[in-house]
Amino acid sequence: MSARHFLSLMDCTPQELVSVIRRGIELKDLRNRGVLFESLKNRVLGMIFEKSSTRTRVSFEAGMIQLGGQAIFLSSRDTQLGRGEPIADSAIVMSSMLDAVMIRTFAHNTVTEFAAHSRVPVINGLTDDLHPCQLLADMQTFLEHRGSIQGKTVAWIGDGNNMCNSYIEAAIQFDFQLRVACPKGYEPDARFLAQAGDRVTLVRDPRDAVVGAHLVSTDVWTSMGQEDETTKRLALFAPYQVNRALLDLAAPDVLFMHCLPAHRGEEISLDLLDDPRSVAWDQAENRLHAQKALLEFLVPPSYHHA
Ligand code: CP
Ligand code: NVA
């Protein structure tokens, strides 16, 4: 299949990623100035959700409409996918009718298998392994506030989860140092660590990760699909809460990010999203702009009139 997919940050070159982010900033400016820009007129994005979502759904759906296209929300509860129709068959059929497909699911091989049988671009809207769209928004947000992230130090605090794995890929692609502070047994996937070499350092004490950092990021302690482990995780991750005192150890111009949804009083203190160092709301809004740029990058230009 010849379509270009976005299942991981590694599917693009570093130059492509930077140009998508820069385009996201341009599209944000066009929207802020009230300029109509319909580069995906009549294009249709299918959005398959096997997990819950607020930001991913709203940003992709609003983004497609703003670009002149449409988005179709497909819940696994209502499609034949949810009743066991093979992924490959679903991909062949859906990609014959749609211009792109976004998938949020559990196993990462669901998106790779779908992509292998899709004739249109497939976008990973989060799997158990990775959340690359969130990193586009995070990197756009850093660029807007502080300029290039190249050579900077980033601290990831908490669970070595899908977001952490995507931060590891971002460290490779955007060329920054990443320090991950996580409890024993909750390290990021060894495959991603091996890929990153000395760009990523693992520590146990969150203070060792944060000291001097230019960006501190965290996420929920219990990801979707791990709800049975919540009680155990709450106790184990307690020393990993990001609060104002922890941020005070970072660089004076540190930014704090959280992909949201947040659990105040757990992975962040009650007041952290109100701290001037937090850019979590900009980060959430940038999902819209960065993904519009991604859609433009992946989906071929509009149809011609007959
Ligand atoms: N950050 C993020 O992906 O949010 P949703 O789960 O609301 O889509
Ligand atoms: N790690 C979280 C991210 C939610 C956007 C999860 O997978 O549930």
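Both counts, for ligands and for their atoms, begin at 1 and track the order of listing.
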Subject >> All side-chain hydrogen bond (donor to acceptor under 3.5 Å, both in side chains) counterparts of Thr105, not counting sequence neighbours >> reply: Glu50

Original post:
With the threshold set at 4.0 Å, does a side-chain nitrogen-carboxylate oxygen contact exist between Arg31 and Glu285?
Top reply: no

Subject >> Test: Asp128 and Lys51 ion pair at under 4.0 Å >> reply: yes

**OP:** State plainly whether the residues Arg277 and Asp248 are in salt-bridge range, i.e. N to O under 4.0 Å.
**Re:** yes

**OP:** List in chain and number order the residues that pass salt bridge (charged side-chain N to carboxylate O under 4.0 Å, His left out) with Asp129, two or more places apart in sequence or in another chain; answer none if no residue qualifies.
**Re:** Arg191

Subject >> Candidate list Leu295, Val111, Asp11, test side chain to side chain contact (heavy atoms under 4.5 Å, CB included), partner Ile123, passing option >> reply: Leu295

Subject >> Protein residues that have a heavy atom under 4.0 Å from any atom of ligand 1, sorted by chain and number >> reply: Ser53, Thr54, Arg55, Thr56, Arg104, His131, Gln134, Cys259, Leu260, Arg287

Subject >> side chain to side chain contact (heavy atoms under 4.5 Å, CB included), paired with Glu267, selected from Val242, Thr218, Thr222 >> reply: Thr218

**OP:** Using a strict cut-off of under 4.0 Å between a residue heavy atom and any atom of ligand 2, list the qualifying protein residues by chain and number.
**Re:** Leu126, Asn161, Asn162, Asp219, Val220, Ser223, Met224, Leu260

Subject >> Pairing of Arg244 and Asp271 as salt bridge, 4.0 angstrom limit >> reply: yes

Original post:
Aromatic ring centroids of Tyr186 and Phe237 under 6.0 Å?
Top reply: yes

